[in-house]
Structures are given as structure tokens and as C-alpha cells.
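All residue numbers refer to positions in the sequence shown, counting from 1. Heavy-atom basis, side chains included; hydrogens, waters and symmetry copies ignored.
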Amino acid sequence: EAVPFAKTGGLADVCGVLPSELAKLGHEAALIMPAYRQIHAAGLPIQPMGVEFELPLGSKRVRGRLLHSHLPGSDCPVYFVQNDEYFDRPELYRHAGADYRDNCERFVFFSRAVLAAAVQLDLGVDLFHCNDWQTGLIPAYLKIEHATHPRLGQAASLMTVHNLAYQGTFWNWDMLLTGLDWKYFNWQQMEFFGDLNLLKTGLVFADRINTVSPTYAQEIQSAPLGCGLEGVLQQRRHVLSGIINGIDEASWNPAIDRHLLMQYDADNYAAGKAACKAALQAQFGLPAQPRTPLVAFIGRLADQKGIDLIAAVMRQWIQQHDAQWVILGTGEPRYHELFEQLAQQYPAKVAVRLMFSDALAHQIEAGADIFLMPSRYEPCGLNQLYSLKYGTAPVVRATGGLVDTIVNATPQAIADRRATGFVFQDYSVVALAEALHRAVDVYLHHPQTWQRIIQTGMRQDWSWTHSARQYAALYQQTLDQARHTVRV
């Protein structure tokens, strides 16, 4: 998946920006993805290429063809694998809350199609950058089926894990769909507690592995965040690393953001945020109180995101503290019900939108004073980076990309002009409440310190240009690694 063509999560943000940034650095980058129904809503021209193929899939052969477009504002090509039976569906991976039953078949086909496209288009690929379980078979096909191919036999593979909790696990007989020998269905390679595991396959066969923050790369080497694959990752730790995602500053930059009532930067943020806060309060029906702390959350209403902690702290604070709360997102029905009740009971303190709106997300980041991300785990996280850019102090738990990007506002860090937010360790209501108390105290009673924290965050560089340079270096490492790897 890739923005602007199709999206379910942060993976799409990465794939929609990284190729263009690599091209700016002088590399030849191309993106290949399924021709989902959603790709046509992007409003970009998508053309058939006249390239067709027929691929083995278990005991049958399946036809597909290629479509072509480009990433916005770039000459970077995008190739779409079209097979309407597999990809012309209401959603990408699931519908009505349940995964598609043929997901394994769909992405076996896609993985084979990627390699067929590379050959038929004569792309001369040096490296395949594979993302998540949907592409986990590509490193295996390269090493097993294409080891002696004149071009593919020399190609390296990098496997990026965006969230280890999603592994592409299917029943053992789906191994037949892959066309690979049953000898690879063993505990060291493709088998996982009796099932076929496509992410594990990619982790085992790729030349290098990375994930979306250095801390998450360490966390997944042990339980519980290893999700059962910690042994594989420990064994391959010498080729495992982490790179923080960047943010697309063409979209997320308060100095040019068309969604805002008033644009601003680090030098005039106070006036800009005041205007945006007043507009946000008016839009959500909250009282116009410029000095009342406005606390926000945007994202999935699920326990992984720490929503259970947020709900508990909100119930306490509504009774005891003068603060306003804005929630934007969808998720578990029990949280929908809870936040709707709170908004009805306390309309002067709580505003909720059970939806996703890109425009509202921008306006909330600009209008809020404090942004909550108390995640159980967070491979990278983007909203804390948006918050830094928009002058909104993040309150985050010390996990994954959150601890890699937010410097806790200790007295020393504040004095050194390094502090950018408020970090807590324990996953508990008490720990979140204490961190929020610290943030509100600085906001209300120490305005100069608050200004220092906000401006430090706003002036940091979390652009994709920085991350793309790190990926380019990792690609070179991967190519070097591949030269010393014996093919299966």
C-alpha cells in the first residue's frame, strides 16, 4: 500500500514518500503494489502497459497484467499488479471485520508478479525492498527459485517490519500455493507452530532486516514484543537495525498547511497556535478558553494505543482538573460508546469525532497544546513527529519510536535545550497521569520553559530527506551482505 493510492496504516506513508526521496538522492527507485480498487480515487493517471503474465499458483496458473502511474510531484514510476479477482475489493486485506479467506493466495500471486514484472520490464533491480508479511515470499523466491537467474540471481533483498504483530499466518496446506518444496516448511524457515508464516519467511531469507525505529529493533528480540518470532530475530540480530520514519513536510508543515486558519513556524508559533486553538474550540463546540490546556489524541481506539489509560485518566481529570479533551479516531466499539458518553455528559470539556479526517487531524495537531501517545508498543509512530512540527507537546510512553524521538523534559534536558516532550516508563494510569500533570504544570506556570520545549521540537529535522539517506546507506550494506550470502 502507498499514499495516495491506498492506505490502511503508516506503511502507506513510507511507501508513498521514500521512493521519491531516494530518486532525489540520485537512485533509480520504483514502487510496485497491487491494483486495489482504491488506487483510482487518487486522481492520478493510471495507464495499462500492455504487459501480461501467467504465473503458477499451486496447481493452477493465474493471469495478471501491469498498470502504470507515478508518485505525485515526481517521475518515480509506480507499477500496479492487476488481477481483479484478487484486488478489486471493498478493502485491502479484510472486510466487515474479518480477513479475506484467500489472503495467502492473493499475496503469493503478488510476490510472484513482482519478480515477473522486474524481468519483463527489464528493470535491472539491484535490491528489492520488501515491506511486511505481504511481500515476505519475495526473499525466499530470490534465494530458492531465482538463484541462477542472470539478473534476479544477483539481486539483494531487505525486509522491513512495520508492525511485528501482523505476520501473515496461514494453515499449513497453503504451503502448496507457494510452489516451494515442503522441505522449507520447517521450524527454522517457513513453519510457525504448525502454520505457514509469511513474515517469518521474509525474516529468514532476506539479506538484511530492518524496522522503523532503533528501539523497536531491540524490543522485538524478546517477548512479548517479539510476538513469537524473537528467536528468529535474535539469530539474525547481526543484520537487524532500525530507521525512524520521516514525515512528509509537503503535507505536514504548519508554515504552509492549507488546512489551518493561520500558518506559523517556530518563530511566530504563539500567535499561530492561539488562532488555531480558538478555531478548533469553535469547530468542536468547546468554550473559547485560550489558557485552558487542550489535550488531544488522534488514532486507532485500541488498547495497543493506550486508549485504556487515556479513558481512565480522562474520567479522573474531568472531575478534578480544568482541561479540554479532543479525540479523533475509530476502533473498538466499547471505546466508541465510552467517549460518546463522556462527550454528552461533559460537552464543555470533551469533544469526540468517531471518524478519520485528514483535515481535522491537521487542525487538531495545530490547535492542541498537548498530544497523548501512551502506547503499549509503537514501532515508530508519526503523530508525535507531527506534534513536534506543529508545536504541540507530546506526552509519550518510553517504547519503540516514541522513546527514540522524544526527549523527556528533565531539568537537565531543558537547560541543555534538548527537551521536546514528556516521557513516562510504566504502562499504568498513574504513570500517564503523572506525566500529564508535569506537562500541564509547565504549560500553566512556566511559560518560558514551555516556549523552549516547543521551539526545540519545532526546529528538529524529521523530514524524509534525513531518513532516505539512512535507507540509501542501508541498501549499500544490504548489497554488501548479499555478496557474501550463499544461495539456497
Next on the checklist: Checking Thr410 against Asn408 for the side chain to side chain donor-acceptor pair (under 3.5 Å) test, could you report, in this order, the C-alpha distance in whole Å, the side-chain angles of both residues, the deciding distance, and whether it holds?
Outcome noted: CA-CA 6 Å; Thr410 63; Asn408 191 23; 5.9 Å; no
Item to check | Nearest heavy-atom neighbours spanning Ala398 and Gln425 | outcome: CB-NE2, 3.6 Å
Item to check | Greater than 12 external heavy atoms within 6.0 Å of Asp75's CG | outcome: no
Checklist entry - Aromatic rings His362 and Tyr390: how do their planes relate, parallel, tilted or perpendicular, breaks at 30° and 60°? => result perpendicular
Item to check | Pair His129 + Tyr471: ring centers closer than 6.0 Å | outcome: yes
Next on the checklist: Set out, in order, the CA-CA distance, both residues' side-chain angles and the distance that settles ring pair (Phe, Tyr, Trp, His ring centres under 6.0 Å) for His437 and Trp317, then state yes or no.
Outcome noted: CA-CA 10 Å; His437 272 293; Trp317 276 58; 4.8 Å; yes
Checklist entry - Counting distance only, does the side-chain N/O of Gln134 pair as donor-acceptor with the main-chain N or O of Cys130 below 3.5 Å? => result no
Next on the checklist: As a quick check of understanding, evaluate ring pair (Phe, Tyr, Trp, His ring centres under 6.0 Å) for His68 and Phe80, giving each step before the final call.
Outcome noted: CA-CA 6 Å; His68 176 264; Phe80 300 98; 8.6 Å; no
Checklist entry - Is Arg376 salt-bridged to Asp308, cutoff N-O under 4.0 Å? => result yes
Checklist entry - With under 30° as parallel and over 60° as perpendicular, where do the rings of Trp450 and Tyr443 fit, or are they tilted in between? => result perpendicular
Next on the checklist: In terms of relative ring orientation, are Tyr93 and Phe107 parallel, tilted or perpendicular, with 30° and 60° separating the classes?
Outcome noted: tilted
Next on the checklist: side chain to side chain donor-acceptor pair (under 3.5 Å) for Gln281 and Gln324? Distances and angles first, verdict last.
Outcome noted: CA-CA 9 Å; Gln281 288 169 325; Gln324 294 176 340; 2.8 Å; yes
Item to check | Residue that, paired with Trp464, satisfies side-chain contact (heavy atoms from CB on, under 4.5 Å) out of Leu22, Asp13, Val17 | outcome: Val17
Item to check | Least distance between heavy atoms, Cys276 atom then Leu261 atom | outcome: SG-N, 4.5 Å
Checklist outcome for this item: Rounded to the nearest 0.5 angstrom, the CD1-CD distance for Ile414 and Gln448 is 12.5 Å
Checklist entry - Run the salt bridge (Lys or Arg N to Asp or Glu O under 4.0 Å) check on Glu337 and Arg334 step by step: do they pass? => result CA-CA 5 Å; Glu337 184 178 345; Arg334 60 192 174 115; over 6 Å; no
Checklist entry - Could Lys389 and Glu249 be called an ion pair, given the rule that one side-chain N must be under 4.0 Å from one carboxylate O? => result yes
Checklist entry - Should we say atom CZ of Arg459 is surrounded by more than 12 heavy atoms from elsewhere, each under 6.0 Å from it? => result yes
Next on the checklist: Counting only heavy atoms from other residues, nucleotides and ligands, does the tally under 6.0 Å from CD of Gln345 exceed 12?
Outcome noted: yes
Checklist entry - Given Gln304 and Ser375, is the side chain to side chain donor-acceptor pair (under 3.5 Å) satisfied, shown in steps? => result CA-CA 6 Å; Gln304 185 234 312; Ser375 306; 5.1 Å; no
Checklist entry - Between Tyr386 and Trp252, how do the two ring planes meet: parallel, tilted or perpendicular, split at 30° and 60°? => result parallel
Item to check | Check: Lys305 side chain, Tyr377 main-chain N or O, donor-acceptor pair, under 3.5 Å | outcome: no
Next on the checklist: Would you say that Leu301 contacts Leu354 through its side chain, given a criterion of any heavy-atom pair below 4.5 Å between the two side chains?
Outcome noted: yes
Checklist entry - At what distance, to the nearest 0.5 angstrom, does CD of Gln289 lie from CG of Leu294? => result 10.0 Å
Checklist outcome for this item: Heavy-atom nearest pair, Pro347 first then Leu286, reads O-CD2, 3.5 Å
Next on the checklist: Can you tell whether the side chains of Asp480 and Arg208 come within less than 4.0 Å, N to carboxylate O?
Outcome noted: no
Checklist entry - Between Gln47 and Ser69, does a side chain to side chain donor-acceptor pair (under 3.5 Å) hold up when you go through it step by step? => result CA-CA 7 Å; Gln47 305 293 335; Ser69 187; over 6 Å; no
Checklist entry - Could you state the interatomic distance from CD1 (Ile247) to CG (Asn383), rounded to the nearest 0.5 Å? => result 10.5 Å
Item to check | Side-chain donor or acceptor of Lys349 paired with backbone N/O of Trp325 under 3.5 Å | outcome: no
Checklist entry - For Arg258, does the CZ atom sit with more than 12 other heavy atoms under 6.0 Å from it, leaving out its own atoms? => result no
Checklist entry - Is Arg94 positioned over the aromatic face of Tyr100, cation under 6.0 angstrom from the ring centre and no more than 45 degrees off axis? => result no
Checklist entry - From Thr211 OG1 over to Leu164 CG, what is the distance, rounded to the nearest 0.5 angstrom? => result 7.5 Å
Checklist entry - If you take all heavy atoms of Pro19 and Gly16, which pair is closest and at what distance? => result CD-C, 4.5 Å
Checklist entry - Near Gln235 CD, under 6.0 Å, is it more than 12 heavy atoms from other residues, nucleotides or ligands? => result no
